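Here the structure is a predicted model, which is why all the values come from computation and not from measurement.
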Amino acid sequence: MGQPIVFWWQRYGTLAQMAQAAVALLGFIAILFQISELRSNNRATSARQAFLGYTDLALKNPKFSAPDYDAIKAGGHDQKVQYESFVSYFLYACEEATAAFADKREWVASCNYDLKPHLPFLCEKSQAEPTYLETYSPDTQQWVKASMNSARVTPPDCKLGKT
């Protein structure tokens, strides 16, 4: 008697076993895709909440959202600290929004629009404490520096130039 004939697919299991393995693999890929989508959606939700928090803060503090920086400096230590916190929250919100919505230019445009009045403060702060901007991502640091250059906000006077 000879050896029984073994087809190629029988070496790897029955057809049902191979189908089950394929379905399991597709299920695993679907789970990975779902995890990626959840992560992306969570980041987007977090960015929206941060920006909404900044917007609420801006509505409650119009003196900081459209600042007269010379008046803020003259207002005393507490007002300067509040303003610095306001700008820090703004930068954080923009950092989150631009990272979460990198493909949506309206977020960058909104942040650019809101950044301009804060450039004199950021210029002075960076001059007084060169490590201040290092607390933000390299992209945010580059964005702020490029905005200062395009608005011609430079030390030592750190005033908005005409653009």
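A pairwise comparison of heavy atoms in Leu119 and Ala151 identifies CD1-CB, 3.7 Å as the closest pair. Taking both residues in full, the closest heavy atoms of Ala50 and Tyr89 are given as O-CE2, 3.4 Å, listed atom of the first, atom of the second, then distance. When all heavy atoms are compared, the tightest approach of Leu91 to Trp143 is CD2-CZ3, 3.8 Å.
Other residues, nucleotides and ligands place more than 12 heavy atoms under 6.0 Å from the CD atom of Gln127.
Between the CG atom of Leu57 and the CZ atom of Phe90 there is a distance of 12.0 Å, given to the nearest 0.5 Å. Here the CG atom belonging to Asp157 is positioned 9.0 Å from the CD atom belonging to Glu124, to the nearest 0.5 angstrom. Atom CZ in Phe51 sits 5.5 Å away from atom CG in Asp114 (nearest 0.5 Å).
With sequence neighbours excluded, no residue forms a side chain to side chain donor-acceptor pair (under 3.5 Å) with Tyr92. The side-chain contact (heavy atoms from CB on, under 4.5 Å) test applied to Pro117 returns Pro67, not counting sequence neighbours. Lys63 meets the side-chain contact (heavy atoms from CB on, under 4.5 Å) test with Gln79; sequence neighbours excluded. Scanning for side-chain contact (heavy atoms from CB on, under 4.5 Å) contacts around Asn42 gives an empty result, with sequence neighbours left out. A search for side-chain contact (heavy atoms from CB on, under 4.5 Å) contacts involving Leu52 returns nothing, not counting sequence neighbours. A search for side chain to side chain donor-acceptor pair (under 3.5 Å) contacts involving Ser88 returns Tyr132, Tyr136, not counting sequence neighbours. Asp56 meets the side chain to side chain donor-acceptor pair (under 3.5 Å) test with Lys60; sequence neighbours excluded.
Among residues at least two apart or in separate chains, there is no disulfide bond (SG atoms under 2.5 Å apart) pair with a member in residues 16-55. A salt bridge (Lys or Arg N to Asp or Glu O under 4.0 Å) check over residues 128-147, counting only residues at least two apart or in different chains, returns the pairs Lys125-Glu129.
Put simply, the side chain of Ile72 reaches to within 4.5 Å of the side chain of Phe64, judged on heavy atoms.
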Trace of the side-chain contact (heavy atoms from CB on, under 4.5 Å) decision for Thr140 with Leu133: CA-CA 8 Å; Thr140 300; Leu133 282 179; 5.9 Å; no
Criterion ring pair (Phe, Tyr, Trp, His ring centres under 6.0 Å) on His118 and Tyr83, from CA distance to verdict: CA-CA 10 Å; His118 305 296; Tyr83 179 66; 5.6 Å; yes
Test side-chain contact (heavy atoms from CB on, under 4.5 Å) applied to Ser65 and Phe86, step by step: CA-CA 8 Å; Ser65 60; Phe86 179 88; 3.9 Å; yes
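Other residues sharing a hydrophobic cluster with Tyr113 under the 4.5 Å side-chain heavy-atom criterion for ILVMFWY residues do not exist; the residue is a singleton. With a 4.5 Å cut-off between side-chain heavy atoms of Ile, Leu, Val, Met, Phe, Trp and Tyr, the cluster of Ile35 takes in Ile31.
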Report, one line per pair, each donor and acceptor closer than 3.5 Å where one atom sits in a side chain of residues 96-110; sequence neighbours left out.
from: Thr98; atom 1: OG1; to: Cys94; atom 2: O; distance (Å): 2.8
from: Thr98; atom 1: OG1; to: Glu95; atom 2: O; distance (Å): 3.3

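Between Lys159 and Asp70, at least one side-chain N (NZ, or NE/NH1/NH2) sits under 4.0 Å from a carboxylate O, which counts as a salt bridge.
The backbone N or O of Ser147 sits less than 3.5 Å from a side-chain atom of Ser150, completing a donor-acceptor pair.
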